[in-house]
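Here is the structure we will look at, set down as structure tokens.
So you know, we letter chains A, B, ... as the sequences are listed, proteins then strands, and number each from 1.
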Protein chains: 2
Amino acid sequence: MEDGTSKSLGYCPDTDADYDVLQWDTREDCEVRQILDRVADKWSLLVIALLDRRSLRFTELRRKVDGISQRMLTRTLRHLERDGLVRRTVHPTVPPRVDYELTPLGATLHDTIRALVTWTETHQNEIAAARAAYDVRTADEQRQAEQETERREQIARSVSAGRP
Amino acid sequence: MEDGTSKSLGYCPDTDADYDVLQWDTREDCEVRQILDRVADKWSLLVIALLDRRSLRFTELRRKVDGISQRMLTRTLRHLERDGLVRRTVHPTVPPRVDYELTPLGATLHDTIRALVTWTETHQNEIAAARAAYDVRTADEQRQAEQETERREQIARSVSAGRP
DNA sequence: CGGAATCCTGCCTGATACTG
DNA sequence: CAGTATCAGGCAGGATTCCG
């Protein structure tokens, strides 16, 4: 209800004849895209990665996922619950206590997501190096571009000075 | 330069005494989080998933990634290039031609992301079922809540009518 | 404690126009 | 073709408040 199910039937002119490479339905209204957009959400990813077998309470999650607002945590958890990835258990105590844990389905996704986290941990140095290199390159190009612009402006000035 | 490069080296003051479960640095300024936030972006994910060995031109990508604005495609590609995941090749022809392809590093990430896409394809039926079930449940609860509210309002009305 | 409701800001997006 | 630039608008997301 409310969100990602039926949408603008975004018809997709899509591909024509390049089936040489594996492809999948990339249309926006495609089921896989819908799910992927949810799963590829940074908060969802973190929550699932943190729910490693052990169930966590709302506030525990809030503390562990640094930077998340309670609004987004609530939304994220509702989405994950709706998708059958997380089970929400309310204990009718006072003060209230709500536990979140992965469902079996969520656990299978957890494995995949852990792989992503592991990849990140493994390659973070390479990425940092790539970023540094890129930034240097870009800074150089910008300096050159500025010089180029200045040169042209000088030409333009001398021209307009020639015939006022 | 500017964003997430050299920072808090992975040690995590974080938790106090719950090391029972595997944990990693979840702080917002953590290197891994920075990368993860980028990788977990829906557009990045799609682009990497589509760049399967074969290089693609800008417009090819634009057509394949249904729903992306050219602004976001440009941004996404720049980010991926900066992170060393995608190589951008400009052919000085006319009209211009720019090819994008995965770097070796990007290819390793591609494997992980394909796993995510495959997971989605495999479990989309289960998720659809979970969503349907959830929506039914929620609709029921809402109907009950509305009835409850109405009942209380009636009581309130009869009370205020009793002593005006 | 675990939310729901409200307000408000900022970014994404879409459209358009202009370069090279 | 492959962008960059700019502007309007809409909605995601943060901060705050209040309730069971």
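Summarising the geometry, the separation between CG on A/Leu46 and C1' on D/dG13 is reported as 16 Å, rounded to the nearest angstrom. When the C1' atom of C/dC1 is taken as reference, atom NE2 of A/His91 falls 13 Å away, rounded to whole Å. Taking atom CG of B/Asp37 as the reference point, atom P of C/dC12 lies 13 Å away to the nearest angstrom. Rounding to whole angstrom units, CG of residue A/Leu73 and P of C/dA4 are separated by 11 Å. Atom NE2 of A/His79 is separated from atom P of C/dG3 by 14 Å (rounded to the nearest Å). If you measure from atom CD1 of B/Ile68 to atom P of C/dT13, you get 7 Å, rounded to the nearest angstrom.
Remark: A/Thr122 pairs with A/Thr118 by the side chain to side chain contact (heavy atoms under 4.5 Å, CB included) rule, at least two apart or across chains. B/Arg62 meets the side chain to side chain contact (heavy atoms under 4.5 Å, CB included) test with B/Phe58, B/Gln70, B/Leu73; sequence neighbours excluded. In terms of the side-chain hydrogen bond (donor to acceptor under 3.5 Å, both in side chains) criterion, residue partners of B/Arg88 (sequence neighbours excluded) are, by chain and number, B/Tyr100. For A/Arg71, the side-chain hydrogen bond (donor to acceptor under 3.5 Å, both in side chains) criterion is met by no residue, not counting sequence neighbours.
Residue A/Trp43 has no polar side-chain atom (N or O) positioned under 4.0 Å from OP1 or OP2 of D/dA12.
Nearest nucleotide to the B/Met72 side chain, out of D/dG14, C/dC12, C/dT13: C/dT13.
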Nucleotides 1-6 of chain D: protein proximity per nucleotide (B base, S sugar-phosphate only, - neither; heavy atom, under 4.0 Å): BSSBB-
Side-chain donor-acceptor pairs under 3.5 Å in residues 39-46 of chain B, sequence neighbours left out?
residue : atom : partner : partner atom : Å
B/Asp41 : OD2  : B/Trp43 : N            : 3.2
B/Asp41 : OD2  : B/Ser44 : N            : 3.0
B/Asp41 : OD2  : B/Ser44 : OG           : 3.2
B/Ser44 : OG   : B/Arg38 : O            : 3.3

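Looking at A/Leu51 and A/Val47, their side chains come closer than 4.5 Å, going by heavy atoms from C-beta outward.
Judged as a ring-ring contact (aromatic ring centres under 6.0 Å, His included), the pairs with a partner in residues 117-138 of chain B (not counting sequence neighbours) are, in order, B/Trp119-B/His123. For residues 115-130 of chain A, no pair satisfies salt bridge (Lys or Arg N to Asp or Glu O under 4.0 Å), with sequence neighbours left out.
Salt-bridge check for B/Arg87 with B/Asp99: failed, with every basic side-chain N at 4.0 Å or more from each acidic carboxylate O.
Base-pairing analysis of DNA chain D finds the following stems of at least three consecutive Watson-Crick or G-U pairs, with both pairing distances under 3.5 Å: C:1-20 with D:1-20.
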